[in-house]
J.: 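Here it is, the structure in full.
Below, each value reflects all heavy atoms present in this structure, side chains not excepted, and no hydrogens, waters or symmetry copies. Everything quoted here is computed from the prediction, not taken from an experiment.
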Protein chains: 2
Amino acid sequence: MDDLYRAIADPTRRAILDELVQRDGQSLFEICGRLVMKHGISSSRQAISQHLEVLEAAGLVTVEREGRYKFHWFHGEPLEAITRRWPAGAKRRSDR
Amino acid sequence: MDDLYRAIADPTRRAILDELVQRDGQSLFEICGRLVMKHGISSSRQAISQHLEVLEAAGLVTVEREGRYKFHWFHGEPLEAITRRWPAGAKRRSDR
DNA sequence: ACAATACGCAAGCCAAGGCTTGCATGTCAA
DNA sequence: TTGACATGCAAGCCTTGGCTTGCGTATTGT
C-alpha cells in the first residue's frame with residue numbers, strides 16, 4: 001500500500017509506466033532502449049532493473065519470465081486507491 | 001507538475017490530506033494536534049509546516065492568512081492528472 | 001506596553017534512496 | 001560445449017529529503 005506512492009514518486013519510474021502503456025510487454029533491454037530514445041533517460045540497465053522491482057512491488061507492473069527474457073506489463077489498478085482515498089473533484093474552500 | 005508526486009510520497013503528508021478532507025480549514029496548530037491524536041504522528045510544528053509548504057507547492061492545499069492564523073484547505077484537483085496520465089482501469093496482460 | 005501566542009527562517013544532522021560498478025547466474029545459438 | 005546474450009545480486013558512493021534546533025517576526029489580549 002505504501003509502496004504505491006513511493007513507486008510513482010520517481011520521474012524515471014513514471015516514464016517507464018508511460019512506455020509500458022504505449023507498448024505493453026517489453027523486456028528490460030527494450031525498455032532501456034526506448035527510455036533513451038524517447039525520454040532522454042540514459043541510466044544503466046541495473047538502475048532500470050531496480051526501478052522495475054519497485055514498480056512490481058507496488059503492483060503497477062506485472063512480470064513474466066520467458067527463457068532468458070523477462071517481459072513487463074502495465075497494471076493500473078492500484079492507482080485507483082489514490083482517487084478513492086481523496087476526492088479528486090475540484091474542491092474549493094468555502095467562503096467564511 | 002513534478003511536485004505533485006513528491007507531495008503524496010510522504011506518509012505524514014498523506015495523513016495531513018486525510019485530516020483536511022475530514023475537517024477543512026484548519027490552522028497549523030490544529031493540524032499538529034489532530035495528527036497526534038488520530039494518526040499517532042508526533043512531529044514538531046516546523047516539520048508539519050514544511051510538509052504544508054510542499055503540499056501547497058503541489059497545489060494540493062490552499063492557504064489563507066488571517067491575522068496570526070494560517071488556515072489550510074484541501075484541493076484535490078491536481079490528483080486528476082494521475083488517473084488522466086495512466087489508465088487506472090485494471091488492465092491485465094494479454095495472453096501471448 | 002508587555003507577554004503570550006501563532007508562525008517563519010535558516011542551518012545542520014542523519015537516514016533513505018537512486019545510481020554505479022563488478023561479478024555471478026542462467027539461457028540460447030552455432 | 002562454448003561463447004554471446006539477458007538478467008540477477010551485492011556493495012559502495014552520493015545526493016535528496018525529512019527532522020530538529022535555535023532564533024526571529026508579527027499579531028492578539030490584558
J.: Could you tell me how far apart A:Q50 (CD) and D:dA6 (C1') are, to the nearest whole angstrom?
T.: 16 Å
J.: Go through the structure and list residues passing salt bridge (charged side-chain N to carboxylate O under 4.0 Å, His left out) with B:R68, not counting sequence neighbours.
T.: none
J.: Quick check for you: name the first and last nucleotides of DNA chain C, 5' to 3', having an atom under 4.0 Å from a heavy atom of chain A.
T.: C:dG17 to C:dC28
J.: B:R45: which residues meet the side chain to side chain donor-acceptor pair (under 3.5 Å) condition with it, sequence neighbours left out?
T.: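 For B:R45 there are no side chain to side chain donor-acceptor pair (under 3.5 Å) partners, ignoring immediate neighbours.
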J.: Checking B:R6 now: which residues fulfil side chain to side chain donor-acceptor pair (under 3.5 Å) with it, not counting sequence neighbours?
T.: none
J.: When the distance from CZ of A:F29 to P of D:dA4 is rounded to whole Å, what number comes out?
T.: 15 Å
J.: So which one's nearest nucleotide on DNA chain C is more toward 5', B:S27 or A:S43?
T.: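 Upstream on the strand: B:S27.
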J.: If the condition is salt bridge (charged side-chain N to carboxylate O under 4.0 Å, His left out), which residues does A:R13 pass it with, not counting sequence neighbours?
T.: none
J.: Sequence neighbours left out, what passes side chain to side chain donor-acceptor pair (under 3.5 Å) with A:Q46? Give chain and number order.
T.: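 Result, side chain to side chain donor-acceptor pair (under 3.5 Å) vs A:Q46: none returned.
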J.: Describe, as an angle rounded to 10 degrees, how the axis at the first end of the helix from C:dA1-D:dT30 to C:dA30-D:dT1 is tilted relative to the axis at the last end, five pairs per end.
T.: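 One end's axis against the other's: 30°.
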J.: Would you mind reading off the distance between A:H72 atom NE2 and D:dG8 atom C1', rounded to a whole angstrom?
T.: 12 Å
J.: Does D:dC19 have OP1 or OP2 under 4.0 Å away from a side-chain N or O of B:R13?
T.: no
J.: Taking only residues two or more places apart in sequence or in another chain, which ones pass side chain to side chain contact (heavy atoms under 4.5 Å, CB included) with A:V61?
T.: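 In terms of side chain to side chain contact (heavy atoms under 4.5 Å, CB included), with neighbours along the sequence ignored, A:V61 is linked to A:L17, A:L20, A:L55, A:V63, A:H72.
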J.: What I'd like to find out is whether the side chain of B:W86 reaches to under 4.5 Å of the side chain of A:R14, using heavy atoms alone.
T.: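 The answer is yes; the side chains approach within 4.5 Å.
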J.: Could you list the residues that satisfy salt bridge (charged side-chain N to carboxylate O under 4.0 Å, His left out) with A:E56, not counting sequence neighbours?
T.: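 Here no residue qualifies.
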J.: Please list, pair by pair, any protein nitrogen or oxygen found under 3.5 Å from a nitrogen or oxygen in nucleotides 22-30 of chain D.
T.:
| residue | atom | partner | partner atom | Å |
| --- | --- | --- | --- | --- |
| D:dG22 | O6 | B:Q46 | NE2 | 3.3 |

J.: Rounded to the nearest angstrom, tell me the gap between atom CD in A:Q26 and atom P in D:dA6.
T.: 14 Å
J.: I need the CD-P distance between A:E64 and D:dT7, as an integer number of Å.
T.: 14 Å
J.: Please name all residues satisfying side chain to side chain contact (heavy atoms under 4.5 Å, CB included) with B:A15, sequence neighbours left out, ordered by chain then number.
T.: B:L35, B:H39, B:I41
J.: Find out whether B:Y5 and B:I82 are in side-chain contact, i.e. whether some heavy atom of one side chain is under 4.5 Å from a heavy atom of the other.
T.: yes
J.: I need the CZ-P distance between A:R6 and D:dT16, as an integer number of Å.
T.: 17 Å
J.: Looking at residues at least two apart in the chain, or sitting in another chain, which of them share a side chain to side chain donor-acceptor pair (under 3.5 Å) with A:Q26?
T.: A:E19
